[in-house]
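For reference, the structure discussed in these notes is given below.
Atoms within each ligand, like the ligands themselves, are counted from 1 in listed order.
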Amino acid sequence: MTLQEEITRRRTFAVIAHPDAGKTTLTEKLLLFGGAIHVAGAVKSNKIKKGATSDFMEIERQRGISVATSVMGFEYQGRKINILDTPGHEDFAEDTYRTLTAVDSVIIVIDGAKGVESQTRKLMDVCRMRQTPVIVFVNKLDRPCKDPFDLLDEIEKELRIRVRPLSFPISSGDTFKGVYNIYEKNLTLFTSDERQTADASTVEINDLASPELDEYISERYAKQLREDTELVEGVYDAFDRDAYLRAELAPVFFGSAVNNFGVKELLECFIRIAPSPRPAPTETRIVEPAEEKMTGFVFKIHANMDPNHRDRIAFLKICSGTFERNKNFLHVRSGKQMKFSSPTAFMAEKKSIIDFAYPGDIVGLHDTGNFKIGDTFTEGEKLKFTGIPSFAPEQFRYIENADPLKFKQLAKGIDQLMDEGVAQLFTSSLNGRKIIGTVGALQFEVIEYRLAHEYNAACRWEPISIYKACWIESDNAEQLADFKRRKHTNMAIDKHGRDVFLADTSYALALAQENFKDIRFYFTSEF
Ligand code: G4P
């Protein structure tokens with residue numbers, strides 16, 4: 001197969017959702033179709049469950065699962081599909097944001113009873129920022145759901161994207177009859193005794209006016225469906241794939257993941273319309289996937305679960321060319337040539353050593369602590385991929401050394417955990433104290449636990465009251481200097497020496513933005 005053929009057949013995407021909407025269930029059904037797994041329940045939920053076990057154990061359990069499910073690759077109808085897993089707990093949202101830098105499209109799962117939830121909105125913000133094409137799957141139609149038109153309006157308004165239903169549900173909950181596939185012009189009937197099996201019964205209905213429809217779903221629901229589809233055609237423009245690829249339009253499907261209902265339709269449409277690997281921006285130029293020379297970037301680093309082996313796996317997204325085992329590549333940040341004797345690929349539950357990988361693929365590289373998120377590999381060109389941001393943290397604590405004899409271990413541990421992207425480190429300009437900023441509260445537990453178990457170091461947390469950290473920049477040197485002098489007590493520097501303003505309150509932030517017009521406040525920062 002030529003490089004271009006390998007690229008064209010690849011689909012690399014993530015399933016994203018607010019916790020509990022059905023991400024794990026849908027992922028599992030997709031893998032079942034791909035033959036990548038054979039039994040339901042094979043994909044473990046990576047949710048952190050509060051309860052019987054302690055949080056630490058849950059975190060470790062979750063980390064174990066997330067190594068296994070980081071990338072789930074499978075073949076389906078000649079396509080190579082890579083699903084990138086995202087953590088289920090919202091405290092790990094930053095991991096999810098970062099994974100989204102390595103995908104070419106996403107499927108968003110929405111609970112049909114709950115509609116758009118907070119986490120869905122945030123994840124969509126990241127997709128919008130990166131112009132990632134999205135398909136929406138409205139799940140749990142077997143439960144009483146909101147009116148489909150209300151849901152479509154809600155998605156459009158809350159996720160700020162035009163929508164186009166490609167299927168339409170007939171009722172929901174106890175009276176759920178099935179889904180009408182608008183484009184294929186067929187009806188898939190829902191039967192609840194078909195739970196957990198792959199085949200639902202599909203009937204061709206070329207003409208919705210046909211009395212056959214009344215026989216299948218009763219007169220009442222047939223009438224309703226005729227009215228609904230008429231309204232759909234009246235309200236929504238025809239599906240425009242280019243608008244979808246430009247991330248301006250989201251096709252919407254309805255179904256029930258746990259009943260494997262509507263999932264096949266989703267998958268078949270997905271492989272037809274979803275983009276193959278897209279060009280990737282760097283600081284100097286755009287890299288096209290079909291370029292002969294290999295380029296790629298690290299978007300995720302995962303520490304070994306075994307504390308006796310402090311090695312890590314770095315996940316490399318291939319952006320162009322062919323990755324080869326045992327071939328020298330340039331690690332751009334260090335300027336060193338490196339080759340990998342055992343790069344791994346991930347096929348559902350199995351991890352195997354590979355000889356070649358192509359754009360869109362994710363390769364696991366063995367790392368002894370040299371790599372950072374955002375690192376670029378090339379065949380010699382000094383490139384740096386952009387668009388791999390860190391997000392302004394929202395929770396902050398001072399980190400202190402709790403064991404004076406373990407100072408070095410603590411410093412190393414903090415350094416490496418920050419490279420993995422677990423949290424962000426700031427140094428206060430006021431007193432030089434180290435501040436850890438995270439997206440979620442659970443990260444503090446993760447850090448403390450991992451410092452103790454992997455680095456033999458002990459830390460202590462002290463409270464600090466900060467509303468938000470944001471990076472500041474200005475072309476007006478005088479104003480910047482003035483700002484830094486006045487806000488001296490609230491200034492810090494990040495790991496790369498950039499200025500960070502630690503706003504006490506949302507009011508203080510708004511006031512600073514108002515009073516210092518020449519200063520730009522950033523809520524994301526490129527690594
Ligand atoms: P998540 O990864 O997005 O967090 O969600 P997950 O797939 O774990 O699903 C959350 C819960 O919703 C699960 O129930 C799952 O069985 C259920 N679910 C998923 N899809 C559907 C659907 O189409 N209809 C209905 N009625 N339920 C659905 P749980 O009780 O939390 O877990 P479990 O014990 O059933 O696994």
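- Proximity of Asp142 to ligand 1, defined as any heavy-atom pair under 4.0 Å, is confined to the side chain (atoms from C-beta onward).
- Residues satisfying the salt bridge (Lys or Arg N to Asp or Glu O under 4.0 Å) test with Arg11, not counting sequence neighbours, are none.
- For the pair Asn186 (side chain) and Tyr180 (backbone), a donor-acceptor distance under 3.5 Å is absent.
- Of the N or O atoms in Gly255, none lie within a sub-3.5 Å distance of an N or O in ligand 1.
- Screening residues 250-263 for salt bridge (Lys or Arg N to Asp or Glu O under 4.0 Å) gives no qualifying pairs among residues at least two apart or on separate chains.
- Taking 4.0 Å as the cut-off between side-chain N and carboxylate O, Asp153 and Lys146 do not count as a salt-bridged pair.
- Under 4.0 Å from ligand 1, the heavy atoms of Pro19 that appear belong solely to its backbone.
- With contacts defined as side-chain heavy-atom distances shorter than 4.5 Å, the pair Pro275/Tyr244 qualifies.
- Of all the heavy atoms of Arg143, the ones lying under 4.0 Å from any atom of ligand 1 belong exclusively to the side chain.
- If you number the atoms of ligand 1 from 1 as listed, the ones under 4.0 Å from a heavy atom of Ser256 come out as 22 (C), 23 (O), 24 (N).
- Around the CD atom of Glu248, the shell of radius 6.0 Å holds more than 12 heavy atoms that belong to other residues, nucleotides or ligands.
- Short contacts between ligand 1 and Asp20, defined as distances under 4.0 Å to a heavy atom of the residue, involve ligand atoms 1 (P), 3 (O), 4 (O), 5 (O), 10 (C), 12 (O).
- Residue-level proximity to ligand 1 for Thr25 is carried by backbone and side chain together, each with a heavy atom below 4.0 angstrom.
- Not a single N or O atom of Asn259, backbone or side chain, sits closer than 3.5 Å to an N or O atom of ligand 1.
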